[in-house]
Amino acid sequence: KAGVTQTPRYLIKTRGQQVTLSCSPISGHRSVSWYQQTPGQGLQFLFEYFSETQRNKGNFPGRFSGRQFSNSRSEMNVSTLELGDSALYLCASSVTGGSFYGYTFGSGTRLTVV
Amino acid sequence: TQLLEQSPQFLSIQEGENLTVYCNSSSVFSSLQWYRQEPGEGPVLLVTVVTGGEVKKLKRLTFQFGDARKDSSLHITAAQPGDTGLYLCAGSYNQGGKLIFGQGTELSVKP
């Protein structure tokens with residue numbers, strides 16, 4: 001059974017640029033959540049998509065956006081990159097997104113903004 | 001602000017020792033999960049606890065959910081070098097995929 005696949009694994013961007021990260025969930029999982037992990041703030045929730053609809057959103061500026069496609073694959077976009085956006089971005093998939101089933105995380109995309 | 005305080009932040013022990021990691025909040029959670037993360041990888045789910053007072057065992061790991069569902073603990077018996085990693089607790093209010101993570105406990109088990 002394939003796990004959660006995130007691409008690319010590593011990315012270096014310049015301040016002001018935009019970036020798109022991709023997440024392919026486990027087959028049959030309809031919920032995809034995105035998290036930002038930094039040494040100072042730990043793991044922080046960005047947003048969650050279920051059946052192509054954003055169901056929940058964290059406290060991040062509007063530069064962070066996402067979407068989900070009909071095959072449950074999800075993309076996350078960050079516009080006008082800032083140095084502080086350097087982080088490990090993780091996506092997690094779940095059957096329904098309910099807390100009782102647990103989440104499977106991908107290996108993440110390491111974004112470095114220079 | 002929804003917070004989960006995890007302690008200790010760092011733990012360095014010898015192989016064979018026992019340890020306990022704590023996860024505390026002033027909020028009541030629908031469920032609480034424990035994850036283990038290794039460098040360069042995503043967190044891996046260890047357990048989900050749902051009922052207040054629930055105790056779950058996974059080999060040498062014992063997880064407990066507080067009676068009031070505000071806190072949890074992870075106890076490792078006879079730690080081994082393979083247990084080294086970042087242990088994260090995460091609470092859920094069952095709000096559609098949103099987990100509140102603690103800051104993590106960096107565990108190092110020396111042979």
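Each chain gets a letter, A, B and so on, in the order the sequences are listed, and its residues count up from 1. These numbers come from a predicted model, not from an experiment.
Neither the backbone nor the side chain of B:L32 comes within contact range of chain A; no heavy atoms are under 4.5 Å apart. Both the backbone and the side chain of B:E41 come within contact range of chain A, each with at least one heavy atom under 4.5 Å from a heavy atom of that chain. Contacts of A:F47 with chain B are absent, with no heavy-atom separation under 4.5 Å from either backbone or side chain. For chain B, the nearby part of A:L90 is the side chain; its heavy atoms alone come within less than 4.5 Å. With a 4.5 Å cut-off on non-hydrogen atoms, A:R9 touches chain B through its side chain but not through its backbone.
In the displayed structure, B:Q80 atom CD is contacted under 6.0 Å by more than 12 heavy atoms of other residues, nucleotides or ligands. Within a 6.0 Å radius of CG in A:N59, no more than 12 heavy atoms belonging to other residues, nucleotides or ligands are found.
Separating the CZ atom in A:F105 from the CG atom in B:L88 is a distance of 8.5 Å, to the nearest 0.5 Å. Atom CG of A:N56 sits about 12.5 Å away from atom OH of B:Y93, to the nearest 0.5 Å. Atom CD1 of B:I100 and atom CD of A:Q44 lie 9.5 Å apart (nearest 0.5 Å).
Two residues are said to be in side-chain contact when any heavy atoms from C-beta on lie closer than 4.5 Å; B:F101 and A:Q37 fail this criterion.
Considering every non-hydrogen atom in both B:L99 and A:Y103, the closest pair reads CD1-CD1, 3.5 Å.
Considering only heavy-atom pairs separated by less than 4.5 Å from chain A, the leading option among B:G40, B:P43, B:G42 is B:P43.
Both A:F64 and A:Y49 are assigned to one and the same hydrophobic cluster, defined by single-linkage of ILVMFWY side chains at heavy-atom distances under 4.5 Å. There is no path of hydrophobic side-chain contacts, each under 4.5 Å, that joins A:W34 to A:F45. B:L86 and B:Y22 fall into different hydrophobic clusters, defined by Ile, Leu, Val, Met, Phe, Trp and Tyr side-chain heavy atoms under 4.5 Å apart, directly or through other members. A:V113 and A:L88 fall into different hydrophobic clusters, where Ile, Leu, Val, Met, Phe, Trp and Tyr side chains are chained together by heavy-atom contacts under 4.5 Å. In terms of hydrophobic clustering, with Ile, Leu, Val, Met, Phe, Trp and Tyr side chains grouped at heavy-atom distances under 4.5 Å, B:L58 and B:V21 are assigned to a common cluster.
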